[in-house]
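See structure below.
Numbered from 1 within each chain, the chains take letters A, B, ... in sequence-line order.
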Amino acid sequence: MTAGERRLLIQRVAFSTLGLATALTVLPIILIVGVIAWKGMPALAPSFLFEAPRDGLRAGGIWPALVGTVYLTVGTGLIAVPVGLAAAIYLSEYARETFFTRAIRIAIINLAGIPSVVYGLFGLALFVLFLKLGTSIVAASLTLSIMTLPVIISTAEEALRAVPQSFRLVSQGMGGTKWQTIRRIVLPQALPGILTGVILGLERAAGETAPILFTGAALFLPQLPRSIFDETMALPYHLFVISTQVPGMPVKVQFGTALVLLVFVLSMNVLATFIRSYHRRRRQW
Amino acid sequence: MVIAPGSASAPALEPKIEIENLRVCYGAEPPALDGITLTVPARQITVFFGPAGGGKSTLLRTINRLNDLVDGARTEGRVRLDGEDILGPEVDITRLRRRIGIVFALPVPLPMSIRRNLWYGLELAGERSRRVLDEAMEKALSAAALWDEVKDRLDEPAIALSGGQQQRLCLARVLALEPEVIMLDEPSSGLDPISTAKVEASLQELKQQYTVIIVPSSVQQASRLADWAGFFLQGELVEWASGRELFLAPKDRRTEDYLTGRFG
Amino acid sequence: MARTRHPLEAAIESIVRLSGWSAIVFVALISLFLLKEGLPAFGEVPLASLFGTRWYPIEGFYALGPLIWGSLVVTVGAALFAVPLGVGAAMFIAEVAPRWLREVLKPLVEILAGLPSVVLGFLGIVVLVPAIRETLGLATGLTALTGSLLLAGMALPTIVSVAEDALDAVPSAYKIGSLALGASRWQTLWRVTLPAARTGVLTAIMLGVGRAIGETMAVMMVTGNAPVVLFGPHALVSPVRTMTATVAAEMGEVARGSVHYHVLFTVGLVLFVISFVVNVLASIVLLKRRAAAGRMLS
Ligand SMILES: Nc1ncnc2c1ncn2[C@@H]1O[C@H](COP(=O)(O)OP(=O)(O)OP(=O)(O)O)[C@@H](O)[C@H]1O
Ligand SMILES: [Mg+2]
């Protein structure tokens, strides 16, 4: 065997090993999605989606949990999107690279890394108890928004920075103020990227359990919450409850719930991917 | 009032921009411009030329305060437009930039239609009437010698224009604001000779009405266009005179060397 | 020419600045409230108990050690799976896979990142737990190993995507230079690209493992939550109890303001400090790589 042949052999072995690692990473994902889809599908009747649970959660549907997750996701978006977008605009358009800006960036990276259950503790201490919001949709949404904030800020900032500097220069060179430039040029151009980030952030919020555990999630509510100060059921928490706390739970219902949660979350993921690739092809720079 | 030091024969020209002892620094580097004193006359073509890094672009950006956007840029000295200081903190920069338009070396069509590119400046200024906007658009495009080429495709993306057309679009976009001073920074660096000729022809037209400052892309272009010319070398204004004097009989050795191609 | 500042401009600048600062405010608030609720534990629980070896709140044993140990075992186990797989996959995606495969693999990894941890935990219960019990012949499949496997799944997408970015960011001049010298693609990847990207890859590992320490639901659902300290290899195949699972499982049932309540916040504080350290270290690396601000046009 010549040296060249040996090198090629080594390369082939090495690349196959890397390929194997990739397969071991990716195949379980396909399996997970496949199994849940396969086993959850039979549960998906209209009554499952649109009825409240019955018989100690063992029968009926998941409607209150589904609606609750929509409430929490929307609530989180209402709080996190304006704050996150404004913060991103600050970082990309206004802030100079000072010590203080660095501190903000470190804070954001930190927020992104704080364990979700710690957010739960924080939400309990600040929103539920200290601000006396009680375990409620507001308290849970506030907790989830702070958790979502770093995702939104960093993706939105990246999208804003990707807009060519020359556009800003031209706009301001023609007498545009900073805000006019941002509103008419920078924001519209960055919008797809911002949307992608928002959706990915909310996707995470929609799937989280730990932060809402002590801030607003209810084990069981026969009817939908009537105000934002009520507790609410939520899909991830519901799945947790029916897979650990309820003896004799029908597997079909469990898989059905998991499937609905998965579809909820993954459709957001797909939407984000779609927006990103669609606009990448269409943008004019 | 110093328009052309050492030129007794200069006609009485109305001063437009008076620059006195201007010094601009970026960060800790040696000044990009130092001790610059000159007066740009109204309704003439003024040319700033010289080798790369001489500070020409810096001067243009200082005149309409775009250097404010550069982190760490510091400006000392005095610049007056029609006798009013424009470097002070009190100045309405927005209005100043409308009065002094700038066209950059690289054409940057904004990511919108040709029409909206032309409307853009006026819309920023608060103009809402479609009739006014369209009239200004046609006038500006005609003045930039672009109207005939684009009048049937006004609503197409501006990015679809050729490089030369884009450069004239950028000029038209500034003209639409009816500024008093138009500054062009190497406007034909990316253009073919025909487009360059078109731009130059429109500049000759424009000087009837506007004060034009141009950083040319070549010495030839400088000598073709200049009513007044300044030669910049490493932040210093080496020579400032009427175009005829400067190009035919330069006083400074360094100017002469540059013009004859001995360095640069 | 008067009037520098338009009032709207000033108002907007203050609003966005406040929002920017809010990130710092939130970090401060989080530490403040964790301290406020967690510190009293040090007065209420004898230090001997806090630093003992038993977690048995009903009888007043609040040792943090077993919980930290539990988190450690599960996390180290997760890292054993996730680091080689994640870095390997990142290398494959960044440098080996053809373009079309890349376009397929990257969204797949993103799907894993988006999977709610309860879904993983649920599948862990119905699939992984019985499988582990049977293949390893254990009394229960609710073990640290089970948790580690799920956590590896949670850590993988972070490791893959951050490491892949780092590998991708290595200037192609390096790679071309190496190839031009006659090195094979593998030699280039192993001797040039990977070393050049090492800080980024290390950051990826840190962030991924950091995420694993903080994971809650999946771990709580499959590790059996036994507060015992076992040393040695069999620790992996026995039930454990992590910090996160303890907080999540017990906070719902404690009385507000009780000793138990305060100790759970202390646990939260420990988690917070760990994530703080991990992320500050990671952010120092990540921020260094930021590109310089945009250039002027002339
Ligand atoms: N945004 C900036 N930040 C820092 N330094 C700058 C910046 N712009 C210009 N400079 C520096 O200022 C000096 C003058 O640059 P300027 O662009 O004004 O020269 P110029 O005469 O326009 O050159 P060219 O013919 O290459 O366009 C140079 O040394 C340059 O490095
Ligand atoms: Mg220049």
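When each of C:Phe265, C:Trp190, C:Phe33 is checked for heavy-atom pairs under 4.5 Å with chain A, C:Phe33 comes out on top. For chain A, the option among C:Leu269, C:Leu85, C:Ile213 with the highest count of heavy-atom pairs below 4.5 Å is C:Leu85. Per-residue heavy-atom pair counts under 4.5 Å with chain A were compared for C:Val27, C:Leu34, C:Asn279, and the maximum is reached by C:Asn279. Interface summary for chain A: among C:Gly121, C:Pro107, C:Gly88, the most heavy-atom pairs under 4.5 angstrom belong to C:Gly88. The candidate from C:Met91, C:Glu95, C:Arg256 with the greatest count of non-hydrogen atom pairs under 4.5 Å with chain A is C:Arg256. Taking chain A as the reference chain and counting heavy-atom pairs below 4.5 Å, the highest number among C:Gln187, C:Glu215, C:Met243, C:Lys36 is found for C:Gln187.
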**Request:** Report the C-alpha separation of C:Phe122 and A:Phe255 in whole Å, then their side-chain angles, then the decisive distance to 0.1 Å, and conclude whether the ring-ring contact (aromatic ring centres under 6.0 Å, His included) test is met.
**Result:** CA-CA 9 Å; C:Phe122 162 67; A:Phe255 271 103; 4.9 Å; yes
**Prompt:** Passes ring-ring contact (aromatic ring centres under 6.0 Å, His included), A:Phe100 versus C:Trp21? Steps please.
**Reply:** CA-CA 9 Å; A:Phe100 211 73; C:Trp21 293 355; 5.3 Å; yes
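Using a 4.5 Å heavy-atom cutoff, the side chains of A:Thr143 and A:Met147 are not in contact. Side-chain atoms of C:Tyr261 and C:Met251, non-hydrogen and from C-beta on, do get closer than 4.5 Å to each other. Looking only at side-chain heavy atoms (C-beta outward), A:Leu91 and A:Ile108 come within less than 4.5 Å of each other. Counting heavy atoms from C-beta on, the side chains of A:Ile114 and C:Leu271 never come closer than 4.5 Å.
Of the two parts of A:Val83, the backbone and the side chain both hold a non-hydrogen atom closer than 4.5 Å to a non-hydrogen atom of chain C. In this structure, the portion of A:Leu129 lying under 4.5 Å from any heavy atom of chain C is its side chain and not its backbone. The parts of A:Thr177 that come within reach of chain C are both its backbone and its side chain, each placing non-hydrogen atoms under 4.5 angstrom from that chain. Interface residue A:Leu121: backbone and side-chain heavy atoms are both found under 4.5 Å from chain C. The contact between C:Glu110 and chain A is made by backbone and side chain atoms together, counting heavy-atom distances below 4.5 Å. Proximity to chain A (any heavy atom under 4.5 Å) is shown, for C:Leu101, by neither the backbone nor the side chain. Proximity to chain C is absent for every atom of A:Arg96, based on heavy atoms less than 4.5 angstrom apart. Proximity to chain C (any heavy atom under 4.5 Å) is shown, for A:Tyr237, by neither the backbone nor the side chain. Only the side chain of A:Phe214 comes within contact range of chain C, with at least one heavy atom under 4.5 Å from a heavy atom of that chain. No part of C:Ile274 comes within reach of chain A, as not one of its non-hydrogen atoms sits under 4.5 angstrom from that chain. For a residue to count as touching a neighbouring chain, one of its non-hydrogen atoms must lie under 4.5 Å from one of that chain's; by this rule A:Leu149 touches chain C with the side chain only. Heavy atoms of A:Leu124 lying under 4.5 Å from chain C belong exclusively to its side chain. The contact between A:Gln254 and chain C is made by backbone and side chain atoms together, counting heavy-atom distances below 4.5 Å. For A:Ile146, the part lying near chain C is the side chain, with the backbone staying farther off; criterion is any non-hydrogen pair under 4.5 Å. A:Asn110 touches chain C through backbone and side chain together, each having a heavy atom under 4.5 Å away.
Classification of the C:Phe272-C:Phe276 ring pair by plane angle, with boundaries at 30° and 60°, yields tilted.
For CD of A:Glu158, the number of neighbouring non-hydrogen atoms (other residues, nucleotides, ligands) closer than 6.0 Å is 12 at most.
For residues 218-225 of chain C, a heavy-atom distance under 4.5 Å to chain A picks out C:Met220, C:Met221, given by residue number. The contact list for residues 29-37 of chain A toward chain C, using heavy atoms and a distance under 4.5 Å, reads A:Ile29, A:Ile30, A:Ile32, A:Val33, A:Val35, A:Ile36 by residue number. Chain A is approached within less than 4.5 Å, heavy atom to heavy atom, by C:Leu156 from residues 149-159 of chain C, ordered by number.
Checked against side chain to side chain contact (heavy atoms under 4.5 Å, CB included), C:Ser14 has no partners two or more places apart in sequence or in another chain.
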